[in-house]
Protein chains: 2
Amino acid sequence: MKRPTIADIARRAGVSKGAVSYALNGQPGVSEATRKRILSIAEEIGFNANSAARALSGARARAVGLTLCRPARILGIEPWFMGLISGFEAELGARSYALTLQVVATPEQEVEVYRRWWGERRIDGVIVTDIRENDIRIPVLLQLQLPAVVIGGPGDTGPIAQIWSDDAGAITEAVRYLVALGHHKIARVSGVPGLLHTQNRTKAFENVCAALGLDNAITIPADYTGEEGSRATRRLLIGGDRPTAIIYDNDVMAVAGLAVAQEMGLSVPGDLSIVAWDDSPLCSLVHPPLTALSRDISAYGAQAALELLNAIDGRTVGNVEAGRVHLTPRGSTAPPR
Amino acid sequence: MKRPTIADIARRAGVSKGAVSYALNGQPGVSEATRKRILSIAEEIGFNANSAARALSGARARAVGLTLCRPARILGIEPWFMGLISGFEAELGARSYALTLQVVATPEQEVEVYRRWWGERRIDGVIVTDIRENDIRIPVLLQLQLPAVVIGGPGDTGPIAQIWSDDAGAITEAVRYLVALGHHKIARVSGVPGLLHTQNRTKAFENVCAALGLDNAITIPADYTGEEGSRATRRLLIGGDRPTAIIYDNDVMAVAGLAVAQEMGLSVPGDLSIVAWDDSPLCSLVHPPLTALSRDISAYGAQAALELLNAIDGRTVGNVEAGRVHLTPRGSTAPPR
DNA sequence: CCGCATCACTGAACCGGGTAAGTTGGGGGA
DNA sequence: TCCCCCAACTTACCCGGTTCAGTGATGCGG
């Protein structure tokens with residue numbers, strides 16, 4: 001089957017290619033009557049502009065890129081990325097922008113992918129996740145002048161806009177809630193320590209614990225996987241001075257922690273209260289259902305996509321707070337026995 | 001920063017654009033010495049061919065498409081798709097093919113997306129998942145002559161190749177295993193009934209149960225979500241003739257089923273054995289860890305991508321079995337009390 | 001020494017849409 | 001009546017690779 005081109009439309013409408021192009025793009029240069037005729041012919045023959053031709057003549061590629069830099073095994077299980085992706089799609093799809101995905105192993109490979117995409121003119125901008133302190137990707141993006149938005153922060157990303165959520169406020173709320181329930185020994189199992197938002201959360205956790213006079217508030221670093229979550233939980237629970245509540249940096253580790261507690265014969269929430277960061281169906285799936293710090297990840301992703309499209313269109317984009325976090329209490333938290 | 005083009009290379013090498021093109025693509029028409037010189041210049045200035053220009057001049061777009069047609073909330077939690085995607089990437093990335101993703105709500109939208117992608121010449125082929133009986137996407141793909149591979153089957157997809165795994169054999173193995181443990185009342189909670197692989201599994205389940213003389217082997221249709229999994233499990237467990245083992249069509253529903261059993265005060269595996277289809281970290285995360293029908297989803301995806309690339313290159317591709325399924329026994333199965 | 005094949009390369013057309021510059025035709029004002 | 005202006009087009013070239021038809025130089029056999 002042959003793809004229709006603007007030349008086909010031009011022939012059928014009895015006008016030139018140029019007129020068709022003006023008509024289709026809503027630009028002046030054709031009469032209203034001609035525009036309507038051309039649009040109806042385009043509709044009729046099912047015309048879609050060849051994206052390559054469009055991209056080639058200096059216009060947009062109408063695609064944005066996303067690199068995912070986590071091992072496959074954890075990518076799969078974490079609902080976070082898929083939630084984000086479906087949020088992107090909501091905005092991108094509406095403007096028929098495509099999303100190009102690349103799974104990589106290291107930040108260095110991410111940089112390579114950015115360079116390649118840029119060289120190939122394959123994408124108009126990128127969404128950057130898992131931002132680190134002094135992230136090596138930022139200077140490259142600036143050098144290439146590749147429009148971008150960073151998911152996460154706040155932190156130093158120079159002129160590149162960040163879409164962030166109030167992690168500090170959220171963890172403060174969670175700790176206050178646990179203290180209100182009567183907990184004094186609260187621990188935390190964190191995500192990858194190198195990531196900016198992990199550091200922000202750790203700082204906030206330490207601050208609020210200090211402010212509330214909780215002295216043995218410890219953060220054990222992990223990496224978002226269930227295995228590390230289990231290990232960290234065991235380490236916390238076998239110690240003499242066992243915490244009565246643990247806050248996990250993601251849902252997967254929280255579920256793993258719950259399993260460890262059950263396996264050790266501890267009752268949740270009787271002996272141990274559990275709070276998960278990022279609510280997902282996973283949290284309401286297990287027994288007892290997990291108290292979680294919820295935010296609308298999809299909306300977060302949609303916001304990020306929107307800001308990236310703004311950046312691509314040359315509008316300057318400031319940092320935006322999105323995905324308001326709130327505590328959703330469920331069965332995994334209660335006053336300590 | 002200006003992107004280097006073949007014209008830049010041509011100028012620096014003192015040859016024509018055509019010669020550069022031949023050299024870069026490994027085609028005859030230039031001497032070995034010139035080819036080397038051109039390649040080293042390309043390397044030096046960091047040349048990447050403009051994908052739009054390449055796609056425009058009749059060559060490939062060097063991208064393949066994937067549509068995901070499930071509600072966002074379940075996409076997130078199911079490890080299956082991310083596993084598949086990272087498998088695709090392994091093969092695609094190696095050939096610097098891009099993966100273009102689109103999340104949609106209905107099969108009709110998927111067809112629309114295929115048509116648009118085709119019209120835009122944005123992709124060279126598509127990977128089709130969640131195949132149904134008489135799937136409306138198949139005739140469209142044939143009409144558009146869009147290279148494709150179907151993940152799932154076996155079923156009737158005409159000349160489009162299928163990458164399938166032996167679901168029938170797997171479920172037979174699971175049932176035989178449960179029967180060997182001493183179970184007689186085995187139930188199953190299935191995925192979306194319209195999907196081809198669900199039907200294949202149901203048929204195989206009924207066959208093996210009939211062959212082994214299990215009379216009240218019932219399949220309750222669900223939709224892969226935790227909520228439906230819980231509902232189906234409750235329906236099964238409150239009945240008078242309660243099953244002693246349940247096989248779930250995915251890991252999410254199995255975890256939900258485990259929570260329901262715990263909530264009803266049933267011990268797993270004492271009162272109820274649970275088998276999950278598709279092993280993921282989720283299965284080993286919960287307590288007790290779930291016995292699962294495992295397969296290497298990533299390898300499955302890689303195989304699919306490989307076959308699609310073959311199809312794009314015009315090599316005929318037959319149906320391929322991939323992702324050999326095997327039973328991984330864990331703590332959730334035992335002889336009934 | 002000539003004719004022919006082969007090699008290494010050049011020049012130009014082409015893909016399909018975007019767009020600046022040029023060309024009509026008609027209306028309005030002086 | 002003439003002139004100017006503007007809307008409504010057309011023409012032609014651009015983007016950056018790919019490819020095909022040519023071209024000049026070289027080698028080789030007779």
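To find a chain, count down the sequence lines: A is the first, B the second, and so on, and within it residues start at 1.
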**Study point:** Side-chain (R137(B)) to main-chain (P107(B)) donor-acceptor, under 3.5 angstrom
**Key:** no
Between CD of E32(B) and P of dA8(C) the distance, given in whole Å, is 9 Å
Between CD1 of I38(B) and P of dC9(C) the distance, given in whole Å, is 8 Å
Closest to the 5' end of DNA chain C, once T34(B) and Q27(A) are matched to their nearest nucleotides, is T34(B)
Next on the checklist: Once you apply a heavy-atom cut-off of 4.0 Å, does V15(A) come out as touching a base, just sugar-phosphate, or nothing?
Outcome noted: sugar-phosphate
Walking DNA chain D from its 5' end, the first of G18(B) and A53(B) to be reached, judged by nearest nucleotide, is A53(B)
Any side-chain heavy-atom pair from I151(A) and I127(A) closer than 4.5 angstrom? yes
Here the distance between atom P of dA8(C) and atom NZ of K36(B), to the nearest Å, is 14 Å
**Report entry** Note: R62(B)-E120(A) ion pair, threshold 4.0 Å (strictly below)
**Finding:** no
E112(B) with R115(B): basic N within carboxylate O range, under 4.0 Å: no
message = When you measure from the side chain of R122(B) to the backbone of S51(A), do you find a donor-acceptor pair of N or O atoms at a distance under 3.5 Å?
response = no
When rounded to whole Å, the CG to C1' distance for the pair L56(A) and dG16(C) reads 9 Å
When rounded to whole Å, the CG to P distance for the pair N50(B) and dC15(C) reads 18 Å
- prompt: Is T5(B) touching bases, backbone alone, or none of the nucleic acid, heavy atoms closer than 4.0 Å?
  reply: sugar-phosphate
Check: Quick one: do R132(B) and D135(B) make a salt bridge, cutoff under 4.0 Å?
Finding: no
- Give a yes or no on whether the backbone of E91(A) and the side-chain of R95(A) come within a donor-acceptor separation of less than 3.5 Å. yes
Is the phosphate of dG16(C), meaning OP1 or OP2, less than 4.0 Å from a side-chain N or O of R54(A)?
no
Side-chain atoms of S31(B) come closest, of dA8(C), dG16(C), dG17(C), to dA8(C)
Phosphate contact (dG18(C) OP1 or OP2) by N25(A) side-chain N/O below 4.0 Å
yes
**Prompt:** What does S16(B) touch in the nucleic acid at a heavy-atom separation under 4.0 angstrom: a base, only the sugar-phosphate, or nothing?
**Reply:** base
From CZ of R121(B) across to C1' of dC15(C) the rounded distance in Å is 8 Å
Here the distance between atom P of dA8(C) and atom OH of Y22(B), to the nearest Å, is 13 Å
**Prompt:** Would you call V320(A) and I163(A) a side-chain contact if the rule is heavy atoms closer than 4.5 Å?
**Reply:** yes
Report task. Identify whether any heavy atom of G119(B) sits under 4.0 Å from a base atom; if not, whether one sits that close to sugar-phosphate; answer base, sugar-phosphate or nothing. Result -> nothing
S57(A) side chain near dG18(C) phosphate (N/O to OP1/OP2, under 4.0 Å):
no
5'-most to 3'-most nt of DNA chain D touching chain A (<4.0 Å, heavy-atom partner on protein side) reads dA8(D) to dG16(D)
Give S21(A) one of three labels, base, sugar-phosphate or nothing, depending on what nucleic acid heavy atoms sit under 4.0 Å from its own.
-> base
